[in-house]
Amino acid sequence: MAPMLQEPALVDFNAPLHAAPKLVAPEPEHCPGPESQQAGKADSCAGCPNQQICATAPKGPDPDIPAITARLSSIKHKLLVLSGKGGVGKSTFTTMLAHAFASNPASTVGIMDTDICGPSIPKMMGVEQEAIHVSNGGWSPVWVSENLCAMSVQFMLPNRDDAVIWRGPKKNGLIKQFLMDVEWGELDFLVVDTPPGTSDEHLSVNSYLKESGVDGAVLVTTPQEVSLLDVRKEIDFCRKAGIRVLGIVENMSGFVCPKCTHESQIFKATTGGARRLAKDTGIPFLGAVPLDPRIGMSCDFGESFFDSFPDSPACKALKGVVRRVGEEMGLGADELLADSVDGMSVDGR
């Protein structure tokens, strides 16, 4: 039997994030849906055992969004790190970006880890054993240094190897708490690390941050076409969700030997890599970062790769990418400390 061809349904990125009401019976045929404005009122609802539940279920914008907007009003810049593909280095790049911004003593930086099922930011930042403190003002983030803090579900787990087995509504609830209940204070930058895909966590972050404003998103990929396939979907997600794409970073772009500095192509760019994708989609290409095993070692030990290996080719490439991210965000020299990034001013001179 041939497959039935149907018009793909459009995704409503402004849909409320309330948990679906618990129905006492399955939704009948022609049901408008328990979160619809016509729920419990339509002609098809007559005689349904769920009619009263659907009629009283919450509808419209999430009532907590004003509180979230007020809580985040003291954060100047909010940046998302995205990729439809897993294992391309989103969390690694997030830590690099945060360390680069925090290299300016005048800037205060926060990292929010929204990868609920695979939180890795605490390990990479060297604060895996820390726990969240609760005060009258809310949850206190874990401070990595004097001007760099992080928040992750890892800080709440009794054991480091405990799995987080949650459905979408519970993930949404935790992300809401990270934004509404965490005492972020006055931050210059909030960098949000996201899991792979375009699902619950991404929809939640975008819906909750929309009113408070997001500077944009940085997409991370590797050179091969298998990775670019998923990144194209992430670009489509950003455009439908109204998220500005600041640019694309090609991570693991070749391997540089730490001893002889010779570069070999481990993941060959069969279709032109991120540079070609950026050109085809009209998105800025932020740069290519070579594969360096010392990056993984720095993350394992919770150290800054910038501080440990400042003269490595990968470090120099990362500094150039960070500088271009700052340019796309419209940061001035007083906001992004040029000397600590790549030895040149933000305008490239």
Side-chain angles (χ1 to χ4, degrees), residues 78-102 109-132 139 141-145 148-166 170-172 174-175 177-179 182 184 189-202 204-205 217-222 227 230-231 234 249-252 289 291-309 314-315 318 321-322 325:
K78 306 172 191 69
L79 180 67
L80 308 179
V81 179
L82 304 173
S83 177
K85 188 71 174 175
V88 298
K90 292 183 301 299
S91 297
T92 302
F93 182 76
T94 298
T95 60
M96 299 290 182
L97 197 60
H99 279 300
F101 288 149
V109 185
I111 302 177
M112 189 175 78
D113 187 0
T114 62
D115 194 347
I116 307 300
C117 295
S120 55
I121 292 297
K123 177 69 174 178
M124 293 182 174
M125 302 304 290
V127 289
E128 190 178 18
Q129 304 301 326
E130 299 294 331
I132 294 174
W139 294 352
V142 173
W143 288 91
V144 181
S145 61
L148 177 58
C149 63
M151 175 58 70
S152 173
V153 69
Q154 182 68 45
F155 299 133
M156 306 176 182
L157 301 180
N159 301 302
R160 58 180 293 181
D161 296 330
D162 287 349
V164 179
I165 308 173
W166 290 354
K170 198 165 184 180
K171 293 180 181 179
N172 296 339
L174 181 63
I175 292 174
Q177 283 189 287
F178 280 175
L179 294 171
V182 174
W184 292 106
F189 302 95
L190 178 64
V191 186
V192 182
D193 182 33
T194 63
T198 55
S199 56
D200 290 323
E201 294 89 337
H202 306 78
S204 299
V205 169
V218 174
L219 303 184
V220 183
T221 184
T222 49
S227 177
D230 291 338
V231 175
E234 199 74 41
V249 178
E250 185 175 272
N251 199 21
M252 308 181 200
V289 180
L291 183 65
D292 190 327
R294 294 173 296 184
I295 295 178
M297 184 177 67
S298 297
C299 292
D300 284 347
F301 286 101
E303 300 175 353
S304 171
F305 182 70
F306 285 139
D307 297 336
S308 302
F309 306 99
C315 186
L318 279 165
V321 170
V322 171
V325 171

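Start at 1 with the first residue, then count along the sequence. These figures come from a predicted structure and were not determined experimentally. Scope of the values below: all heavy atoms of this structure, side chains included, with no hydrogens, waters or symmetry mates.
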* **side chain to side chain contact (heavy atoms under 4.5 Å, CB included) evaluation trace for Trp184 with Cys149** => CA-CA 9 Å; Trp184 292 106; Cys149 63; 4.1 Å; yes
* **side chain to side chain contact (heavy atoms under 4.5 Å, CB included) evaluation trace for Leu82 with His202** => CA-CA 9 Å; Leu82 304 173; His202 306 78; 3.8 Å; yes
* **Contact summary for Val153 and Pro119, nearest pair of heavy atoms** => CG1-CG, 3.7 Å
* Where do Gly86 and Pro196 come nearest, in terms of heavy atoms and distance? -> CA-CG, 3.5 Å
* Asked: Between Phe189 and Leu97, is a side chain to side chain contact (heavy atoms under 4.5 Å, CB included) present by the stated rule, with each step listed?
  -> CA-CA 10 Å; Phe189 302 95; Leu97 197 60; over 6 Å; no
* Could you check if a side-chain atom of Met125 sits within less than 4.5 angstrom of a side-chain atom of Leu148, using non-hydrogen atoms only? => yes
* **For Ile295 against Thr92, the heavy-atom pair lying closest together** => CG2-CG2, 3.5 Å
* **For the student: nearest non-hydrogen atoms of Gly197 and Glu234, plus distance** => O-OE1, 2.9 Å
* Is a side-chain donor or acceptor of Asn159 paired with a backbone partner of Asp161 at a separation under 3.5 angstrom? -> no
* What's the verdict on side chain to side chain contact (heavy atoms under 4.5 Å, CB included) for Val322 and Met96, showing C-alpha distance, side-chain angles and the deciding distance? -> CA-CA 8 Å; Val322 171; Met96 299 290 182; 5.6 Å; no
* Structure fact -> side chain to side chain contact (heavy atoms under 4.5 Å, CB included) test vs Thr114 passes for just one of Leu179, Ile175, Leu80, namely Ile175
* Asked: By side chain to side chain contact (heavy atoms under 4.5 Å, CB included), which residues pair with Lys123, not counting sequence neighbours?
  -> Glu128, Arg160
* To do: Only counting residues at least two apart or in another chain, list the ones meeting salt bridge (charged side-chain N to carboxylate O under 4.0 Å, His left out) with Lys171.
  => Glu201
* Asked: Looking at CZ of Arg294 and CG of Asp300, how far apart are the two atoms once the value is rounded to the nearest 0.5 Å?
  -> 15.0 Å
* Structure fact -> Taken to the nearest 0.5 Å, the spacing of Trp139 CH2 from Gln177 CD works out to 3.5 Å
* Determine whether Asn251 and Val88 make a side-chain contact, defined as any pair of heavy atoms from C-beta on separated by less than 4.5 Å. => no
* Looking only at heavy atoms, what is the nearest atom pair of Ala314 and Val289, with distance? -> O-CG1, 4.1 Å
* **Residue list, side chain to side chain contact (heavy atoms under 4.5 Å, CB included) with Asp193, at least two apart or on another chain** => Lys90, Ser91, Thr94, Asp113, Ile121
* First locate atom CZ of Phe93, then atom CG of Leu219, and finally report the distance between them rounded to the nearest 0.5 Å. => 10.5 Å
* Non-hydrogen atoms of Val182 and Pro141 that approach each other most closely -> CG1-CD, 3.9 Å
* What pairs with Phe309 under ring-ring contact (aromatic ring centres under 6.0 Å, His included), at least two apart in sequence or on another chain? -> Phe305
* Asked: Can you tell if the side chain of Leu79 reaches within under 4.5 Å of the side chain of Val325, non-hydrogen atoms only?
  -> yes
* salt bridge (charged side-chain N to carboxylate O under 4.0 Å, His left out) partners for Glu130, two or more places apart -> none
* Residues that Phe178 engages under ring-ring contact (aromatic ring centres under 6.0 Å, His included), provided they are two or more places apart -> none
* **Between OG1 on residue Thr221 and CE on residue Met252, distance to nearest 0.5 Å** => 9.5 Å
* Asked: Would you say Ile132 and Met156 make side-chain contact, with heavy atoms under 4.5 Å?
  -> yes
